Structures are given as C-alpha cells and as structure tokens.
K.L.:
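Shown below is the structure under consideration.
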Number of protein chains: 2
Amino acid sequence: MNKQRVTVPSEVDPADWQRYENPPLQLHPLLSAALDLFVRLGYHGTSVRAIAAEAGMTVPGLYYNFANKQDILTELLTLSNQELTRRSHAALAAAGRNPRARFAALIRCMVLHLTHMQKFAHLVREIDSLDDTHRPKHVELRDRFQRLVLTEVIAAQTLGEFGSGDPHETTRAVLSLCNGVADWFRIEGAATPEQIADRYVDFALRLVLDRESVSDRT
Amino acid sequence: MNKQRVTVPSEVDPADWQRYENPPLQLHPLLSAALDLFVRLGYHGTSVRAIAAEAGMTVPGLYYNFANKQDILTELLTLSNQELTRRSHAALAAAGRNPRARFAALIRCMVLHLTHMQKFAHLVREIDSLDDTHRPKHVELRDRFQRLVLTEVIAAQTLGEFGSGDPHETTRAVLSLCNGVADWFRIEGAATPEQIADRYVDFALRLVLDRESVSDRT
DNA sequence: CCTACCGATCGGTAGG
DNA sequence: CCTACCGATCGGTAGG
C-alpha cells in the first residue's frame, strides 16, 4: 500500500506556506500565455488564436492540449485555489489555537497570495465569464476560502476576542479590504509582499476587534 | 404644501445628495439595455446585436444613436462619474469644515452610490476593456474621485484628527473596503443602503483613526 | 431633400 | 501537432 515515491513536487513543507518561488507555479506555456492575456484583455477579449500565438503554437495545437477555451480558464482557477487552500491550512496548523493568531495567519496567507500570485488573483473576476456548467464549481471554491475566514471570525467572537458585530458583515469587509491589494500592488514597488501583509493584518484586525465606538468620539 | 417644489431635472437641491430615485437615472433604452448586459456578460461578452435586441431596436438603429460600441460604454461611465462627483461635492459642502464629518460624508456618498447605482459601479471594471483612445479619460475620472478622498484624509491627518500612517496606503484600503460593497449588496436584502453606509463609515474610520496598536494587545 | 430606420450583407474572426 | 476548413457570429455599414 505504501507509495515508493517520496519526493512528490506537490508535497511542500508546511512551514513554507509563506515562501513563494518566482514564478510561483510551473505552468504549461499555453496556460502561462493565457494567464497573461486573460488578465490584460479579459476572458472574452482574448481569442484562442492570441493564446496559441503567444505560446508559439497553432490553434489546433491548443485544442490538442485543452478541450476548449473554458477549460484553460478553469485549469488556471483551480491551480490558484489549490495553492491558496494548501497554504491556508498549513498556516492555520502552524498558528495553533490562539484565535487572533489564526485570523492573522489567514489574512497573511491571503495577502501573500494576492501579491505573489497577483495575475491569478485578477483571474477570479473572470469566474462570471464561465458558462453554467463550469461556473458553480469555481464559485464554490471561492466561497470555501471565504468560509474559512468566516469560521475563524466566529470562533474568535465566541471566545470574546473579537467585537460583537455580524460576523458575515465583518468577514465581507475584511475580504474586500484585502482583495483590493491585487488592484494596486506592483512587484517593483517599494513595499514587499511581507510588509504589505503585516499592514493588512493590522487593517483587518481594526475591522474585527471590539473598541470604543468611533462615532461617539466626535 | 409646506414647501414649494421646483422640479428641474438637471438642478437638484444640494441637500438631496443622499436621496436616490428609482431608477437613479433616466437612461436611453439602448444605454439601459447595454448597462444590464455589460454587467451580466461583460463588455466583450455583449454583442451590439444583443444590446439592440434588448432595447427593441435594430443594429443600424443603434448606430444611428451611437458611433460605436465603445461610445456606449464611455457614455455610461461618464454619467455614473458625473453623478458621484456632483453628489460628493454637495456632500462636502454640507459637511462644513470638520475633517471627520467631511471624510464621513465622502464615504457615505460612495456607499450610497455603490448600492443605489450598483450596476454602474460594476461597470467601472470594464474601463480596461476600452481602447487606448478612450481608456485614459475614464481612468482619470476614476482617479479624480480617489484623490478627493485622499485630500480629505491628508487634511484630517494634518489637523491631527486621523492616524499618522501613509495617507495613500490608508486611502487605498478605505476605497477597497467600500468598493467591495458592490460585490455582495442586494437591493432586496435586509439592510438598506443607508444602514450599510452608516456601517461602512464606521469601518472606514477604524482604518484611518489613530489608536493603540492592535498587535501589542495580544 | 430629410429623418429614422430596414433587410441584407460587408470583411474578418469566434470556437471547434 | 499542421493545413484546411465548417456553421455562426462578430462589429460595423451598404443601398433604398
């Protein structure tokens, strides 16, 4: 029953959930070309001919590797979500039981993902471009990560660590705040992904923690 | 009978910057159809034939009213930005000189716009779909509102009302937080735009106000 | 001649 | 993997 293969590339040291290679993932030339073009021109704005040309292939060559255009997008979305999910669970495991540490680990995970894998993050918006047979799966994958954050917010609230606002509402606010990073982040900018992650853990905690009502202090 | 109403469509009472009609704007049937389709299918996913059909017109009829497909999108983007800009200036004028009141008025303006004119808010993402001759103008219009918020954050900081973090960074965070509302808001939901605006003014103030560092309170 | 369109079709491109 | 194509549809325009 035991597998003889010890070094499988998909098995990464759980402690490495914060470390990203450059590029973050090894992609088929067609996937790499499609990722660039989808982000720049959108899914519907990108032709299969452009993808094939960018990858130095012909259109039939593209269809030899992928069943259709939708499958190229779903493959990229799946890879991105698998990577975020794997790292998130490693981060939670490393964070232990402290609710605030667990929440901070998830936010850190999310922001590192959004910066190091920025193009994949932009791709999430194209989920709406999928047809009815592919969309539900990837909506579910996206929601699954959001529920991971929601679960930690509720757990921290239950232990009296966070404020008492609607956990769904605060979780939505935290996720919007962080997702925005993908819109302005530039890898060549002054701030490193790690510095931005630290800053956004602080921002996120401001949203979830209890405190004196700001409105009263006018 | 207690007050005489002067109903000029273009001139709105500056005090009415918080009140939205339903629908919020009178649109040409073609613009209304295009707005629905662009939001649902994206700019490149929508054909001029679909727009014309949705408006009960023919394609040449569409081209009689608009030079091309890009002009339809730019017209919608312009209308949305004009509306937000007009209300923002009215809101700032009504807020007076108090820095926190001015900031809160802008956030309130923004969230009311994102909820009452949600479809227009989604359209902003399609700016990237414009060609090189149309895109710069609408990137500039979007940036102009963001600079309006930035200016108020800096002013409040200068007066010692807000925390001392990088104002560009906190402004980006505030804008991301609020823009996220357009992603999940449902007009048929329990919370009204006004209640959500109140909540997000509080959220936004948490991001900009000074306070004891959260990280220390572990 | 104008306007507000129409039926039909233009040159190219979509996914396959 | 290429060359050679398809049914249909793309954004946009012809004459009447």
Side-chain angles (χ1 to χ4, degrees), chain A residues 26-79 123 125-138, chain B residues 26-79 119 122-123 125-138:
Chain A
Q26 296 288 351
L27 293 180
H28 188 287
L30 281 168
L31 290 179
S32 182
L35 177 58
D36 282 346
L37 291 167
F38 286 162
V39 168
R40 215 160 68 230
L41 310 169
Y43 178 78
H44 287 302
T46 302
S47 68
V48 290
R49 278 161 179 75
I51 299 171
E54 180 86 5
M57 283 182 162
T58 61
V59 173
L62 181 151
Y63 282 100
Y64 176 81
N65 290 282
F66 295 92
N68 48 51
K69 194 183 170 188
Q70 298 246 344
D71 275 13
I72 298 178
L73 176 54
T74 58
E75 178 66 18
L76 287 168
L77 288 170
T78 301
L79 285 172
L123 222 59
R125 295 173 193 159
E126 297 292 347
I127 288 181
D128 293 334
S129 300
L130 292 171
D131 63 32
D132 294 339
T133 66
H134 295 84
R135 199 185 312 104
K137 178 194 169 188
H138 294 277
Chain B
Q26 295 289 351
L27 292 180
H28 188 287
L30 281 168
L31 290 179
S32 182
L35 178 58
D36 281 347
L37 291 167
F38 286 162
V39 168
R40 215 160 69 229
L41 309 170
Y43 177 77
H44 287 301
T46 303
S47 68
V48 290
R49 277 160 182 76
I51 297 170
E54 180 86 4
M57 282 183 163
T58 61
V59 173
L62 180 150
Y63 282 100
Y64 176 81
N65 290 282
F66 295 92
N68 48 49
K69 193 182 169 189
Q70 298 248 344
D71 276 13
I72 298 178
L73 177 53
T74 57
E75 178 65 19
L76 287 168
L77 287 170
T78 301
L79 285 172
K119 284 188 279 192
H122 280 294
L123 222 59
R125 293 172 195 160
E126 297 291 347
I127 288 181
D128 292 336
S129 300
L130 293 171
D131 63 31
D132 294 338
T133 66
H134 296 83
R135 199 184 313 104
K137 178 194 167 186
H138 295 277

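Naming: A, B, ... by sequence-line order, numbering from 1 per chain. Computed from a prediction, not measured in an experiment: that's the story for all the values here. All values below were derived from every heavy atom in this structure, side-chain atoms included, with hydrogens, water molecules and symmetry-related copies excluded.
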K.L.:
Taking atom CG of B:L30 and atom CE of B:M57, what is their separation to the nearest 0.5 Å?
P.N.:
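Going from CG on B:L30 over to CE on B:M57, the span is 4.5 Å.
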
K.L.:
Taking all atoms of both residues into account, what is the closest heavy-atom pair of A:S129 and A:Q70, and its distance?
P.N.:
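It is O-NE2, 3.8 Å.
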
K.L.:
Between A:I51 (CD1) and C:dT13 (P), how many Å, whole number?
P.N.:
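After rounding, the gap between these two atoms is 16 Å.
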
K.L.:
Does any donor-acceptor pair link the side chain of B:R49 with the base of D:dG12 at a separation under 3.5 Å?
P.N.:
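Answer yes: a donor N or O sits under 3.5 Å from an acceptor.
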
K.L.:
Could you give the CG-to-P distance, from A:D131 to C:dG15, as a whole number of Å?
P.N.:
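Taking atom P of C:dG15 as the reference, CG of A:D131 is at 13 Å.
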
K.L.:
Check A:D128 with A:R125, please: is the shortest side-chain N to carboxylate O separation under 4.0 Å?
P.N.:
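No.
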
K.L.:
If you assign A:G61 and B:Q70 each to the DNA chain D nucleotide with the nearest heavy atom, which residue ends up on the more 5' nucleotide?
P.N.:
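Between the two, 5'-proximity favours A:G61.
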
K.L.:
What distance do A:T74 atom OG1 and A:D131 atom CG have between them, rounded to the nearest 0.5 Å?
P.N.:
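Answer for the OG1-CG pair, A:T74 versus A:D131, is 9.5 Å.
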
K.L.:
Taking the same atom, P, in C:dG16 and in D:dA4, what whole-Å distance lies between them?
P.N.:
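Taking atom P in both C:dG16 and D:dA4, they lie 22 Å apart.
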
K.L.:
In whole Å, I'd like the distance from the CZ atom of A:F66 to the C1' atom of C:dG15.
P.N.:
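Those two atoms, CZ and C1', are 16 Å apart.
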
K.L.:
What is the distance, to the nearest angstrom, from the OH atom on B:Y63 to the P atom on C:dC10?
P.N.:
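Interatomic distance, OH of B:Y63 to P of C:dC10: 17 Å.
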
K.L.:
Rounding to the closest angstrom, what is the interatomic distance between C:dC10 and D:dC10 at atom C1'?
P.N.:
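Per the computed distance, 12 Å lies between those C1' atoms.
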
K.L.:
How close or far is atom C1' of C:dG15 from atom CD1 of A:I72, stated in whole angstroms?
P.N.:
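Going from CD1 in A:I72 over to C1' in C:dG15 covers 11 Å.
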
K.L.:
Can you check the B:H44 NE2 to C:dG15 C1' distance for me, whole Å?
P.N.:
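It works out to 17 Å between those atoms.
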
K.L.:
How long is the line joining NZ of B:K69 and P of C:dT13, in whole Å?
P.N.:
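Those two atoms, NZ and P, are 16 Å apart.
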
K.L.:
A:Y64 OH to D:dC1 C1': how many Å, rounded?
P.N.:
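After rounding, the reported distance stands at 7 Å.
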
K.L.:
Distance check, P atoms only: D:dG12 and C:dA8, in whole angstrom units.
P.N.:
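Rounded to whole Å, the distance is 23 Å.
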
K.L.:
Just how far is it from atom CD1 of A:I127 to atom CG of A:L123, taken to the nearest 0.5 Å?
P.N.:
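Taking CD1 in A:I127 and CG in A:L123, the distance rounds to 8.5 Å.
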
K.L.:
For a quick test of reading the model: is some side-chain N or O of B:S47 closer than 4.0 Å to OP1 or OP2 of D:dC10?
P.N.:
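Checking D:dC10 against B:S47, a side-chain N or O does come within under 4.0 Å of OP1 or OP2.
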
